[in-house]
Visitor: 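Supplied in structure tokens, the structure appears directly below.
These values consider heavy atoms only, across backbone and side chains, with no hydrogens, waters or symmetry-generated copies. Values in this document were obtained by computation on a predicted structure and should not be read as measured data. Below, chains carry the letters A, B, ... as their sequence lines are ordered, and counting in each starts from 1.
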Protein chains: 2
Amino acid sequence: MEKQTITIYDVAREAGVSMATVSRVVNGNPNVKPATRKKVLEVIERLDYRPNAVARGLASKKTTTVGVIIPDVTNIYFSSLARGIDDVAAMYKYNIILANSDGNTRKEIQVLNTLLAKQVDGIIFMGNNLTDELRAQFERSKTPIVLAGSIDPKGEVESVHIDYVAAVEEAVADLINHGNKRVAFISGSLADPINGQYRLKGYKNVLAKHGIKYDPDLVFETDYSYRAGEVLWPAMVATKATAAYVGDDELAAGVINGAQDSGIKVPDEFEVVTSNNSKLTEIVRPQMTSITQPLYDIGAVAMRFLTKMMNKETMTEKTIELPYGYIKRSSTK
Amino acid sequence: MEKQTITIYDVAREAGVSMATVSRVVNGNPNVKPATRKKVLEVIERLDYRPNAVARGLASKKTTTVGVIIPDVTNIYFSSLARGIDDVAAMYKYNIILANSDGNTRKEIQVLNTLLAKQVDGIIFMGNNLTDELRAQFERSKTPIVLAGSIDPKGEVESVHIDYVAAVEEAVADLINHGNKRVAFISGSLADPINGQYRLKGYKNVLAKHGIKYDPDLVFETDYSYRAGEVLWPAMVATKATAAYVGDDELAAGVINGAQDSGIKVPDEFEVVTSNNSKLTEIVRPQMTSITQPLYDIGAVAMRFLTKMMNKETMTEKTIELPYGYIKRSSTK
DNA sequence: TTGAAAGCGCTAACAG
DNA sequence: CTGTTAGCGCTTTCAA
């Protein structure tokens with residue numbers, strides 16, 4: 001009943017060669033005579049030998065696994081990135097250790113530490129707030145790290161993202177061009193740079209360009225959930241806003257449904273544009289106008305970027321900016 | 001610039017004790033004099049020592065990581081389960097290696113093998129079709145495995161799920177009680193036992209009980225995607241069905257929107273009930289009536305179950321059936 | 001309560 | 001082209 005393990009040693013003995021030779025054929029080292037290779041391969045097959053990745057990891061100091069820190073797999077934005085990450089990882093023979101953090105710094109740090117203890121070869125971090133504490137941990141560990149779908153305002157950590165400022169400018173400009181003078185800005189915590197620094201900046205830029213005064217009352221800071229959007233409507237009414245830019249698709253779906261459930265016609269009486277173009281944008285009715293981001297690709301490119309770092313290839317850029325777009329659907333006029 | 005590693009040996013030397021003692025304090029072994037423990041702990045702190053989990057894994061033959069095979073993280077049904085799994089795993093100090101399989105047997109087998117090579121302590125499998133090939137692999141490896149959100153028709157592999165037959169009976173009965181004589185059955189591949197054996201059986205049972213003849217034309221076999229549901233409508237019209245039971249929420253959302261986009265009133269002219277009560281059910285308008293399943297809990301319980309198996313605790317049951325429910329919303333009369 | 005020593009299964013020089 | 005020999009960093013008897 002023991003989990004009987006066939007080791008490289010068993011194979012060597014059976015094949016009448018040394019462990020080193022077996023190791024060579026397993027690792028595709030060309031310095032093995034074809035006949036020997038064939039013999040070893042046969043024994044491996046016959047014994048159904050499977051190399052122990054843990055032992056290999058200890059000896060080679062490479063685990064071929066990368067850590068992925070994600071706020072919540074259940075959020076379509078993040079899971080889309082994660083899918084891109086995993087596909088590319090698989091392509092390069094890496095596995096992924098996935099850990100949810102709820103965007104909570106304490107959890108992020110704790111998770112980071114266990115990931116490092118497990119000797120991951122690299123880390124992909126999805127999260128919107130790179131606190132100093134976290135940054136310090138990142139630096140201490142010499143493990144390659146890349147941010148997927150967010151930016152390090154200090155530009156110290158490599159990342160893959162879109163130009164959030166420009167994207168929001170385009171979205172809000174569209175709203176203003178439809179005659180909306182009071183456009184709400186709804187996002188997650190403004191403490192997150194992606195919201196407080198980039199998106200909000202884009203929003204303010206456009207307001208300024210159109211000579212509209214910035215009104216803090218139009219800024220809603222909430223969390224990235226459907227429910228949060230749904231219950232927002234009463235507060236929205238009070239602001240007399242006639243349109244809104246929203247930083248997350250689930251949140252936007254909540255806003256739209258909350259409005260509609262209150263008898264408001266979208267887009268006739270209230271327009272909404274969202275940010276991620278996840279599949280949710282097409283599921284909700286009216287379908288949502290959205291900034292488009294290549295979510296899957298952001299994850300994929302981030303992972304690809306990480307493989308290069310793990311290979312110690314020299315990078316030209318620390319940051320990769322992927323193109324964004326804007327798609328008009330039915331939640332705007 | 002080397003990734004200088006502090007080892008247990010360094011700590012031992014600094015603290016003036018043996019590696020064994022350091023190992024003991026790190027592992028919370030009580031057989032250490034308090035004074036010694038304190039001293040060691042101080043050195044660990046000072047040197048910022050972090051045990052190497054890989055070495056630990058090799059020596060102890062436990063990696064404290066479990067493999068999770070998932071069809072697609074991007075599907076809310078599976079990601080909900082995954083979240084439950086990860087939370088409980090974290091609670092028990094396990095990490096999760098997450099691998100997408102697309103429900104493709106070849107990928108599932110390949111992934112399973114790399115997971116085993118990495119010496120995971122256990123595996124949670126989400127997937128709807130346990131092929132014989134896969135089953136064979138499972139048996140070869142003595143690694144504990146549990147299915148989350150699906151059943152092994154042969155009852156050989158442990159699993160956590162709801163009573164699919166009864167749940168579908170209840171849902172379809174509700175539809176029939178509203179006067180629908182022609183109720184469509186829309187699901188993923190009927191080759192998947194969960195659809196072809198359990199859900200379909202529940203469907204047929206209710207039909208029989210109400211004296212309605214089973215009509216194969218009303219059975220739609222497609223894939224679990226929003227798009228698949230959306231394009232289904234023309235075919236649905238041809239069957240003269242007035243209601244449908246759908247096996248997946250995304251798929252159901254597609255069916256509802258496809259119908260509505262064709263000018264059909266839901267639920268007045270066509271009723272729909274779905275299966276998973278994921279958050280999507282409340283996002284779509286009309287909100288979807290659904291069988292309710294404790295998705296998060298299914299994942300959580302599966303992981304909890306797995307920890308017991310990994311501890312070699314004796315199990316009373318091979319299968320855990322969680323309660324389901326039925327919630328009426330607005331996609332049915 | 002503590003230490004010595006033998007591995008865990010594999011990789012990686014270094015010889016030959 | 002192939003074998004020998006050290007480890008990788010930690011756990012785990014077995015003695016003391």
Visitor: Output the rounded distance in Å from NZ (Lys118(A)) to P (dC8(D)).
Guide: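 My rounded result for the distance is 23 Å.
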
Visitor: With a 4.0 Å cut-off on heavy atoms, is Val22(A) in touch with a base, just the backbone sugar-phosphate, or nothing at all?
Guide: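 Counting heavy atoms under 4.0 Å across all strands, no contact is made by Val22(A).
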
Visitor: Check this one for me: any side-chain N or O of Lys62(A) less than 4.0 Å away from OP1 or OP2 of dC8(D)?
Guide: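 For dC8(D), neither OP1 nor OP2 has a side-chain N or O of Lys62(A) closer than 4.0 Å.
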
Visitor: Check the distance between dT11(D)'s C1' and Lys61(B)'s NZ and give it to me in whole angstrom.
Guide: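 The distance from NZ of Lys61(B) to C1' of dT11(D) comes to 11 Å, rounded to the nearest Å.
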
Visitor: Between Asn27(A) (side chain only) and Ser23(A) (backbone N and O only), is there a donor and an acceptor less than 3.5 Å apart?
Guide: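 Yes, because the side chain of Asn27(A) sits within donor-acceptor range (under 3.5 Å) of the backbone of Ser23(A).
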
Visitor: Find the distance Leu58(A):CG to dA12(C):P and express it as a whole number of Å.
Guide: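 Atom-to-atom, Leu58(A) to dA12(C), this comes out as 12 Å.
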
Visitor: Toward the 5' end of DNA chain C, which comes first, Ala20(A) or Pro34(B), by nearest nucleotide?
Guide: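 Upstream on the strand: Pro34(B).
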
Visitor: Nearest to the side chain of Ala59(B) - dC8(C), dG9(C), dA13(C)?
Guide: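 It is dC8(C).
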
Visitor: For the pair Lys308(A) (side chain) and Thr314(A) (backbone), establish whether a donor and an acceptor sit closer than 3.5 Å, ignoring hydrogens and angles.
Guide: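 No; zero donor-acceptor contacts below 3.5 Å.
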
Visitor: Using a heavy-atom cut-off of under 4.0 Å over every strand shown, decide if Val54(A) touches base, sugar-phosphate, or nothing.
Guide: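 Answer is nothing: Val54(A) stays at 4.0 Å or more from every strand.
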
Visitor: With a 4.0 Å cutoff (strictly under), does any side-chain N or O of Ser18(B) reach OP1 or OP2 of dA4(C)?
Guide: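 For dA4(C), OP1/OP2 do not have a side-chain N/O of Ser18(B) under 4.0 Å.
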
Visitor: Quick one: label Ser60(A) by what it contacts on the DNA or RNA (base, sugar-phosphate, nothing), any heavy atom closer than 4.0 Å.
Guide: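 The residue Ser60(A) makes sugar-phosphate contact but no base contact.
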
Visitor: With a cut-off of less than 4.0 Å, is there a side-chain N or O of Asn27(B) near OP1 or OP2 of dT11(D)?
Guide: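 So the side-chain polar atoms of Asn27(B) do come within 4.0 Å of the phosphate oxygens OP1 or OP2 of dT11(D), strictly under.
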
Visitor: Starting from C1' on dC10(D), measure out to CG on Asp10(B) and report it in whole angstrom.
Guide: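 For the pair Asp10(B) CG and dC10(D) C1', the rounded distance is 13 Å.
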
Visitor: With a 3.5 Å distance limit and no angle check, can you tell me whether Asp72(A) reaches the backbone of Thr74(A) through a side-chain donor-acceptor pair?
Guide: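 Pair found, side chain donor or acceptor close to backbone of Thr74(A).
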
Visitor: Test ring-ring contact (aromatic ring centres under 6.0 Å, His included) on Tyr77(A) and Tyr224(A); report intermediate values, then the result.
Guide: CA-CA 10 Å; Tyr77(A) 172 70; Tyr224(A) 288 157; 7.8 Å; no

Visitor: Write down the distance between CD (Gln119(B)) and P (dC10(C)), rounded to a whole number of angstrom.
Guide: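 Atom CD in Gln119(B) sits about 9 Å away from atom P in dC10(C).
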
Visitor: Taking 4.0 Å as the cut-off, does a side-chain nitrogen or oxygen of Thr36(A) come that near to OP1 or OP2 on dC1(D)?
Guide: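 The answer is no; no side-chain N or O of Thr36(A) sits under 4.0 Å from OP1 or OP2.
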
Visitor: Per the atom types in the model, does the base of dG9(D) pair as donor or acceptor with the side chain of Arg50(B) at under 3.5 Å?
Guide: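 Absent.
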
Visitor: Round to the nearest Å and state the distance from Ile8(B) atom CD1 to dG9(D) atom C1'.
Guide: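 So the CD1-C1' distance, Ile8(B) to dG9(D), works out to 8 Å.
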
Visitor: Which nucleotide sits closest to the side chain of Thr5(A): dC10(D), dT1(C), dG9(C)?
Guide: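 Nearest listed nucleotide: dG9(C).
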
Visitor: OP1 or OP2 of dG9(C) sitting under 4.0 Å from any side-chain N/O of Thr7(A)?
Guide: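 Negative; the distance criterion is not met.
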
Visitor: Using a cut-off of strictly less than 4.0 Å, decide whether Ser23(A) has a side-chain nitrogen or oxygen near OP1 or OP2 of dC10(C).
Guide: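 For dC10(C), neither OP1 nor OP2 has a side-chain N or O of Ser23(A) closer than 4.0 Å.
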
Visitor: With a cut-off of less than 4.0 Å, is there a side-chain N or O of Tyr9(B) near OP1 or OP2 of dG7(D)?
Guide: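 Result: no.
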
Visitor: Can you check whether Ala82(A)'s main-chain N or O pairs, donor with acceptor, with Asp86(A)'s side chain at less than 3.5 Å?
Guide: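 Checking the backbone N and O of Ala82(A) against the side chain of Asp86(A), no donor-acceptor pair under 3.5 Å is found.
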
Visitor: For Arg24(B) and Tyr49(B), take the nucleotide of DNA chain D holding the closest heavy atom to each; which residue's nucleotide lies nearer the 5' end?
Guide: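 Counting from the 5' end, the first nearest nucleotide belongs to Tyr49(B).
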
Visitor: Return no unless some side-chain N or O of Asn31(A) is found under 4.0 Å from OP1 or OP2 of dT2(D).
Guide: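 Result: no.
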
Visitor: What's the CG-P distance between Asn29(B) and dT11(D), to the nearest Å?
Guide: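 Going from CG in Asn29(B) over to P in dT11(D) covers 11 Å.
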
Visitor: Looking only at atom types and distance, does a side-chain atom of Thr5(B) sit under 3.5 Å from a main-chain N or O of Thr7(B), one as donor and one as acceptor?
Guide: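 A pair under 3.5 Å: no.
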
Visitor: With respect to the phosphate group of dT11(D), does any side-chain polar atom (N or O) of Arg56(B) fall under 4.0 Å of OP1 or OP2?
Guide: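 Yes, such a contact exists.
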
Visitor: Separation of Met19(A) atom CE from dA6(D) atom P, in whole Å?
Guide: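 About 13 Å, once rounded to whole Å.
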
